[in-house]
Amino acid sequence: MKLGSDLSGLNADANAAAFGLSIVVPVYNEAGGLQALHHRLATLSATLRQRYGLACEVVYVDDGSADATLSIARNLPANGIDVQVVSLSRNFGKEAALLAGLDHARRGAILFMDGDGQHAPELAEKLVSHWIDDGYDVVFTAKAHRDNEPRLRRTAVRGFYALINWGARTKIPEDAGDFRLLSPRAAAALKQLPERNRFFKGLATWIGFRQFRVDYEPEPRAHGLSTFSAGRLIGLSIEGLTSFSVAPLRIASLLGVLLATVAFLFGLSILWETWVSGKSVPGYPSLMVGMMTIGGVQLLMIGIVGEYIGKILSELKARPIYFVAEHSVRQSDPGAGAARSEQSAAE
């Protein structure tokens, strides 16, 4: 039984454009800006076809939207770009939507981007250039800075990356986002990772290959407000940590060693006071403080271990990560794409 995979046949230097590009866009309640985004993606497709001869498709993954996102996606025109619409049976979360797009992508290379308009399609041309012209397999974007964010959030983000990268052989770049391009062999490698508790940023880094970072400024949201509250961000952080890192377990172990050392030293001090000076240490206050401290730490450790046990249970159940309720594919009209290119050139 082979425990590795040979992807040398998908070498990034071998006529990269021939593999084509799938643009995966998870959408959740994005009805207000979906048509405008699709127009920009169609323009991008025409540009990439003209510059590299690159055939493109867009895969919209509707993650159980409660508004008109799905009905709008069904009617988006395939002008110069193939259009797939994958509708999940309910809201499974962004990680599941990314996996659904990865599974349904028909081209070799894959570009992941959000559907809220903050990931500019025009920047995608730069990512494609680093893939085709420079031979990189993973081209990921990262926020250039967080100066416009509250200090508490900036500190929390730095703490999260410091924790998840602590002791890890493969470091996740700080501030890296889901807006990234994978070459055909990088996409093939990502498809072979079978875990159900997925952390996309970590997995896309773990596969290796030649990776390149592109700093960018996110555009303002095309419409509406972000649904990621502080509580959801904390939840996602816990999911990422327990899915991709054993740092919390190491911290729990170190904390246990620290408390055991403190308890041992405290015990020595009690013996010293008793044998040398004949004084006995008052018992009740020190006993209660010690019991509450040790009890609280034990509960914390049990909670951390419980998170990992829950992940193990989820893997053992082997439930599907998502269900597709509806899937449609519309082939592009090459003539429409050429007309769009000529119109853009004229403008």
Side-chain angles (χ1 to χ4, degrees), residues 20-45 56-107 109-121 124 177-182 187 190-191 196-201 203-204 218-229 232-233 235-236 239 319-332:
L21 176 68
S22 292
I23 305 172
V24 173
V25 185
V27 289
Y28 178 70
N29 293 342
E30 301 292 352
L34 191 57
Q35 290 179 328
L37 174 64
H38 182 71
H39 176 77
R40 296 173 71 183
L41 290 177
T43 302
L44 170 67
S45 174
C56 298
E57 71 164 352
V58 59
V59 183
Y60 293 109
V61 183
D62 176 47
D63 190 21
S65 296
D67 62 1
T69 297
L70 179 58
S71 61
I72 292 175
R74 291 192 191 109
N75 297 299
L76 292 174
N79 292 336
I81 185 171
D82 293 350
V83 178
Q84 284 197 64
V85 178
V86 180
S87 175
L88 304 186
S89 60
R90 64 171 175 84
N91 180 250
F92 287 91
K94 188 176 182 180
E95 293 292 339
L98 290 171
L99 179 62
L102 179 68
D103 290 341
H104 287 81
R106 300 178 302 162
R107 307 293 186 184
I110 302 179
L111 172 68
F112 296 93
M113 62 185 300
D114 289 349
D116 57 9
Q118 291 191 290
H119 295 164
D178 295 330
F179 186 20
R180 66 182 65 207
L181 183 145
L182 303 181
L190 192 61
K191 289 179 180 180
R196 285 163 173 77
N197 297 286
R198 304 178 69 84
F199 182 53
F200 177 74
K201 298 176 186 178
L203 297 178
E219 294 188 355
R221 287 181 61 89
H223 65 95
L225 298 174
S226 174
T227 58
F228 283 95
S229 61
R232 288 193 63 187
L233 289 175
L236 287 174
E239 285 290 324
R319 292 175 179 171
I321 300 177
Y322 63 87
F323 288 108
V324 175
E326 180 181 327
H327 180 213
S328 62
V329 181
R330 293 191 299 281
Q331 300 292 334
S332 66

Salt-bridge present (Asp63, Arg90; N to O < 4.0 Å): no
From CA spacing to verdict: side chain to side chain contact (heavy atoms under 4.5 Å, CB included), Gln35, Leu76: CA-CA 7 Å; Gln35 290 179 328; Leu76 292 174; 4.1 Å; yes
Residue pair Ile110 / Ala187: nearest heavy atoms and the distance that separates them: CD1-CB, 3.9 Å
Worked verdict on Ser65 versus Leu70 for side chain to side chain contact (heavy atoms under 4.5 Å, CB included): CA-CA 7 Å; Ser65 296; Leu70 179 58; 5.9 Å; no
Sidechain-backbone polar pair: Asn29 side chain, Ala66 backbone, donor-acceptor under 3.5 Å: yes
Donor-acceptor side-chain pairing of Tyr322 and Asp103 below 3.5 angstrom: yes
Residue pair Glu57 / Ser22: nearest heavy atoms and the distance that separates them: OE2-OG, 2.5 Å
Non-hydrogen atoms of Leu111 and Ala124 that approach each other most closely: CD2-CB, 3.5 Å
Distance-only polar pair, side chains of Gln84 and His327, donor-acceptor under 3.5 Å: yes
Ser45 to Gly80 - nearest heavy-atom pair and separation: OG-O, 2.9 Å
Stepwise side chain to side chain contact (heavy atoms under 4.5 Å, CB included) test for Leu88 and Val324: CA-CA 4 Å; Leu88 304 186; Val324 175; 4.2 Å; yes
Contact summary for Asp114 and Leu37, nearest pair of heavy atoms: O-CD2, 4.3 Å
Centroid-centroid distance, His38 to Tyr60, less than 6.0 Å: yes
